[in-house]
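Working notes, structure below.
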Amino acid sequence: MSEFRLTVAQFAATPDIERNRALAVSLIEQAGPTSDLVVIPENAMYSDSAKEFPGQTHSEALDGPFLTALQGAAERSGTHVVAGFTETNEGAHPYNTLVHIDASGALAGYYRKIHLYDAFGYRESDSVTAAAAAEPLTFEVNGITVGAATCYDLRFPEIARWLVDHGADVIVYPAAWAVGPLKEFHWESLLRARAIENTTYIAAAGQTGPHCTGQSQVIDPLGITRASVGEEADAFATAVVSSERIAQVRTTNPCLDNRRFDVSPRA
């Protein structure tokens with residue numbers, strides 16, 4: 001049996017880049033020493049949800065100061081980190097990118113968001129470049145495979161199954177899930193559905209209010225919430241991920257073995 005401690009941390013990013021960076025580092029350093037993986041939200045480096053500065057944008061390269069600071073925090077804390085930020089894309093709109101930083105502080109992998117949030121009256125594609133569906137982001141923590149996707153990806157069950165087909169037993173979703181009528185209900189329902197239908201752990205780390213729902217949580221393969229942060233800002237919650245629990249649920253509910261369809265990304 002393998003297990004690891006998974007933390008979801010949440011805060012509300014603002015246009016103040018230095019403040020966001022310091023807060024992200026602080027949350028990693030608070031949670032990291034007793035966690036094997038810390039997940040922080042989408043767009044953690046910069047966000048202007050209130051449209052205070054409509055002409056202002058900010059992006060950085062993979063070796064920029066934001067990720068460099070997170071790499072230092074991961075190394076000092078001895079924990080893996082998954083975080084979302086805006087990645088420079090020369091000559092085009094930036095990417096909405098997740099990174100995996102390993103426990104030595106190395107940048108071990110990244111995922112550029114595939115499904116852009118062109119819904120509910122918003123058009124992410126006006127300012128972000130959609131990535132091609134190439135290789136998924138997966139990695140191991142204590143012998144358990146983790147896959148990663150971003151926010152609006154949650155509404156597409158195929159990407160979760162794609163990650164499972166690449167070995168994921170845990171799927172993490174950094175997010176900035178916008179507030180709105182029934183949006184918290186959608187968030188909770190979709191997280192639980194992805195866990196139950198894939199018999200995987202689901203861990204979601206969301207930005208907090210007033211513009212996003214927060215409600216970061218870890219859900220087990222039977223759909224039971226094992227840890228939740230609620231609405232609290234600048235906070236985190238931790239749960240144990242267990243390969244024994246995964247095996248137990250998949251013995252009771254062998255839906256992955258019983259499936260009759262494959263999933264593959266479109267070109």
Side-chain angles (χ1 to χ4, degrees), residues 1-8 35-37 39 42 80 82 84 98 100 102 108-115 131-175 177 185-206 215-228 237-267:
M1 181 190 77
S2 299
E3 63 181 36
F4 70 86
R5 293 179 62 81
L6 193 165
T7 292
V8 287
S35 302
D36 300 291
L37 169 61
V39 184
E42 175 189 27
H80 294 258
V82 172
L98 298 183
H100 165 225
D102 70 20
Y110 60 87
Y111 162 72
R112 291 167 176 153
K113 191 176 182 183
I114 294 170
H115 299 105
E135 288 298 312
L137 173 58
T138 62
F139 57 92
E140 286 195 2
V141 179
N142 293 356
I144 298 174
T145 301
V146 180
T150 308
C151 197
Y152 189 52
D153 285 332
L154 179 63
R155 291 186 179 272
F156 301 87
E158 298 88 356
I159 191 170
R161 185 57 56 87
W162 186 49
L163 288 165
V164 169
D165 285 347
H166 283 79
D169 290 319
V170 181
I171 302 175
V172 299
Y173 286 96
W177 197 265
F185 173 75
H186 291 187
W187 173 248
E188 292 269 0
S189 299
L190 291 166
L191 290 173
R192 207 171 306 282
R194 296 295 88 83
I196 293 167
E197 70 197 9
N198 291 295
T199 55
T200 59
Y201 284 90
I202 296 292
Q215 306 294 335
S216 301
Q217 57 196 280
V218 181
I219 299 170
D220 83 1
L222 204 59
I224 298 169
T225 300
R226 295 296 183 178
S228 179
T238 304
V240 173
V241 167
S242 165
S243 63
E244 182 178 35
R245 176 62 169 168
I246 296 166
Q248 175 193 49
V249 172
R250 289 180 177 173
T251 297
T252 302
N253 176 23
C255 61
L256 295 179
D257 292 334
N258 294 339
R259 59 187 288 203
R260 301 285 298 276
F261 291 87
D262 293 324
V263 169
S264 60
R266 292 178 180 175

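All figures in this text were calculated on a predicted structure; none of them were measured in a lab.
Here the CG atom belonging to L37 is positioned 4.5 Å from the CG atom belonging to L6, to the nearest 0.5 angstrom. The line from CD of E158 to CD1 of I114 is 11.0 Å long, rounded to the nearest 0.5 Å. Rounding to the nearest 0.5 angstrom, the gap separating the CD1 atom in I202 from the CD1 atom in I196 is 10.5 Å. Considering OG1 of T150 and OH of Y111, their distance stands at 5.0 Å, rounded to 0.5 Å.
Residues that satisfy the side-chain contact (heavy atoms from CB on, under 4.5 Å) test with A168, not counting sequence neighbours, are L163, I171. Remark: A205 engages V8, V39, S216 in a side-chain contact (heavy atoms from CB on, under 4.5 Å) (not counting sequence neighbours). Under the ring-ring contact (aromatic ring centres under 6.0 Å, His included) criterion, H166 pairs with W162, not counting sequence neighbours. Remark: R226 engages D220, I224, A239, R245 in a side-chain contact (heavy atoms from CB on, under 4.5 Å) (not counting sequence neighbours). For I144, the side-chain contact (heavy atoms from CB on, under 4.5 Å) partners at least two apart in sequence or on another chain are S2, F4, D169, V170, V241, S243.
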Inset, instruction - Go through W187 and Q217 one step at a time and tell me if the side chain to side chain contact (heavy atoms under 4.5 Å, CB included) criterion holds. - result: CA-CA 11 Å; W187 173 248; Q217 57 196 280; 3.8 Å; yes
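Judged by distance alone, with hydrogens and angles left aside, the side-chain atoms of E244 form no donor-acceptor pair with the main-chain N or O of S242 at under 3.5 Å. Proximity of a side-chain donor or acceptor of N198 to a complementary backbone N or O of R194 within less than 3.5 Å is detected. At least one donor-acceptor pair under 3.5 Å links the side chain of R250 to the backbone N or O of T199.
Taking every heavy atom of both residues into account, K113 and C151 meet most closely at NZ-CB, 4.2 Å. Looking at every heavy atom in both residues, Y152 comes nearest to H115 through CD2-O, 3.7 Å. For the residue pair C255 and E197, the shortest heavy atom distance occurs at SG-O, 3.4 Å. P174 approaches A149 most closely through the heavy-atom pair CD-O, 3.2 Å.
The side chain to side chain donor-acceptor pair (under 3.5 Å) contacts involving residues 136-146 comprise nothing, where partners must be two or more places apart or lie in separate chains.
Note on ring orientation: taking the six-membered ring where Trp is involved, the planes of H80 and F139 are parallel (angle under 30°, cut-offs 30° and 60°).
A donor-acceptor pair shorter than 3.5 Å can be found between the side chains of R192 and T225.
Looking only at side-chain heavy atoms (C-beta outward), P221 and Y201 come within less than 4.5 Å of each other.
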